[in-house]
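Owing to the predicted nature of the structure, the values given are computational and were not obtained by experimental measurement.
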Amino acid sequence: MGRLFLICLEGSFYSCKYCKTHFALSDDIISKSFHCRHGRAYLFDKVVNVTEGEEEERLMITGLHTVVDIFCIGCGSIVGWKYEFAHEKNQKYKEGKYILERFKVSGPDGSNYFAAQEPQVSESDADDA
């Protein structure tokens with residue numbers, strides 16, 4: 001195993017709630033209207049300090065997508081997923097974009113999100129397709 005290099009973000013950013021590794025700038029949020037098993041999830045244009053898992057097909061509320069789970073490089077926690085391919089034409093805007101599950105990250109002000117704050121959604125995906 002090699003040396004771990006972390007990218008440190010400046011300004012308002014989201015980070016791992018377990019080890020505080022920086023993930024994404026608030027300015028890179030595309031949408032806050034996504035949901036996952038644990039509640040809210042945010043769609044980001046850019047995310048740093050993550051590794052990607054294996055590609056898999058997932059049937060979500062908005063259709064079939066090819067995704068990879070993303071993991072914190074600091075502690076290895078799964079923190080969301082990346083859309084590799086959207087099978088529906090109207091979902092193509094998600095390709096190459098990242099979902100961070102709000103339950104698994106700390107907000108720009110250091111706040112944590114708890115699943116009990118909102119009702120659970122059984123499938124993972126966006127509210128607004």
Side-chain angles (χ1 to χ4, degrees):
M1 188 153 161
R3 186 174 175 155
L4 185 64
F5 289 94
L6 295 173
I7 296 171
C8 293
L9 300 173
E10 293 183 17
S12 179
F13 58 84
Y14 288 83
S15 60
C16 179
K17 83 174 193 179
Y18 303 107
C19 70
K20 306 302 179 210
T21 296
H22 299 182
F23 288 140
L25 293 170
S26 298
D27 291 344
D28 290 329
I29 293 176
I30 296 169
S31 175
K32 291 185 176 184
S33 61
F34 282 67
H35 287 85
C36 64
R37 286 184 209 106
H38 301 290
R40 285 198 168 287
Y42 295 168
L43 183 69
F44 285 86
D45 188 39
K46 292 178 259 181
V47 173
V48 297
N49 298 324
V50 296
T51 59
E52 297 178 2
E54 296 292 319
E55 270 191 7
E56 65 179 79
E57 302 290 320
R58 279 195 202 149
L59 184 58
M60 300 183 180
I61 294 170
T62 57
L64 186 64
H65 299 275
T66 303
V67 300
V68 292
D69 287 329
I70 56 173
F71 302 86
C72 174
I73 64 171
C75 66
S77 297
I78 185 169
V79 293
W81 65 89
K82 179 183 177 185
Y83 289 101
E84 295 290 337
F85 182 75
H87 297 269
E88 303 291 330
K89 189 184 273 187
N90 68 343
Q91 298 299 306
K92 293 288 187 187
Y93 74 95
K94 296 177 184 175
E95 291 180 350
K97 306 296 189 274
Y98 299 84
I99 288 287
L100 288 178
E101 297 184 39
R102 194 60 185 92
F103 175 73
K104 298 179 180 181
V105 299
S106 293
D109 60 358
S111 65
N112 287 321
Y113 173 88
F114 299 101
Q117 291 175 329
E118 289 189 12
Q120 278 189 312
V121 177
S122 60
E123 295 291 327
S124 302
D125 215 351
D127 251 358
D128 58 350

Spacing of Glu55 atom CD and Lys82 atom NZ [to the nearest 0.5 Å]: 9.5 Å
More than 12 heavy atoms of other groups within 6.0 Å of Lys46 NZ: no
Would you say Ile99 ends up clustered with Ile30 if hydrophobic residues are merged whenever their side chains have heavy atoms under 4.5 Å apart, either directly or through other cluster members? yes
Sidechain-backbone polar pair: Ser26 side chain, Ser12 backbone, donor-acceptor under 3.5 Å: yes
Where the side chain of Ser77 meets the backbone of Val79, is there a donor-acceptor pair that is under 3.5 Å apart? no
Is there a side-chain contact (heavy atoms from CB on, under 4.5 Å) between Tyr42 and Glu101? Walk through the geometry before answering. CA-CA 7 Å; Tyr42 295 168; Glu101 297 184 39; over 6 Å; no
Counting C-beta onward and ignoring hydrogens, is there a side-chain heavy-atom pair between Ile70 and Glu52 closer than 4.5 Å? yes
Of all the heavy-atom pairs spanning Lys92 and Ala86, show the shortest one and how long it is. NZ-O, 2.8 Å
Indicate, with yes or no, if Ile29 and Val47 share a hydrophobic cluster defined by side-chain heavy-atom contacts under 4.5 Å among Ile, Leu, Val, Met, Phe, Trp and Tyr. yes
Proximity of Phe23 and Phe44 rings by center, below 6.0 Å: no
For the residue pair Val67 and Lys94, establish whether any side-chain heavy-atom pair is separated by less than 4.5 Å. no
What is the minimum heavy-atom distance between Thr21 and Gly74, and which atoms define it? OG1-CA, 3.7 Å
Can you find a heavy atom in the side chain of Trp81 that is under 4.5 Å from one in the side chain of Glu56? no
Excluding Ile7, membership of its hydrophobic cluster (Ile, Leu, Val, Met, Phe, Trp, Tyr; side-chain heavy atoms within less than 4.5 Å) reads Leu9, Phe13, Leu25, Val48
Once rounded to the nearest 0.5 Å, what's the spacing between atom NZ of Lys17 and atom SG of Cys75? 11.0 Å
Between the main-chain N or O of His22 and the side-chain N or O of Asn49, is there a donor-acceptor pair closer than 3.5 Å? yes
Taking the six-membered ring of Tyr14 as reference, does the cationic atom of Lys104 (NZ for Lys, CZ for Arg) lie under 6.0 Å from its centre and within 45° of its axis? no
For Lys97 and Tyr83, indicate whether the former's side chain and the latter's backbone hold a donor-acceptor pair under 3.5 Å. no
List the atom of Tyr93, the atom of Leu43, and the distance in Å for their closest heavy-atom pair. CE1-CD2, 4.0 Å
Among His65, His87, Glu84, find the one that has a side chain to side chain contact (heavy atoms under 4.5 Å, CB included) with Glu57. His87
Note: Ser15 and Lys20 closest approach over all heavy atoms is CB-O, 3.7 Å
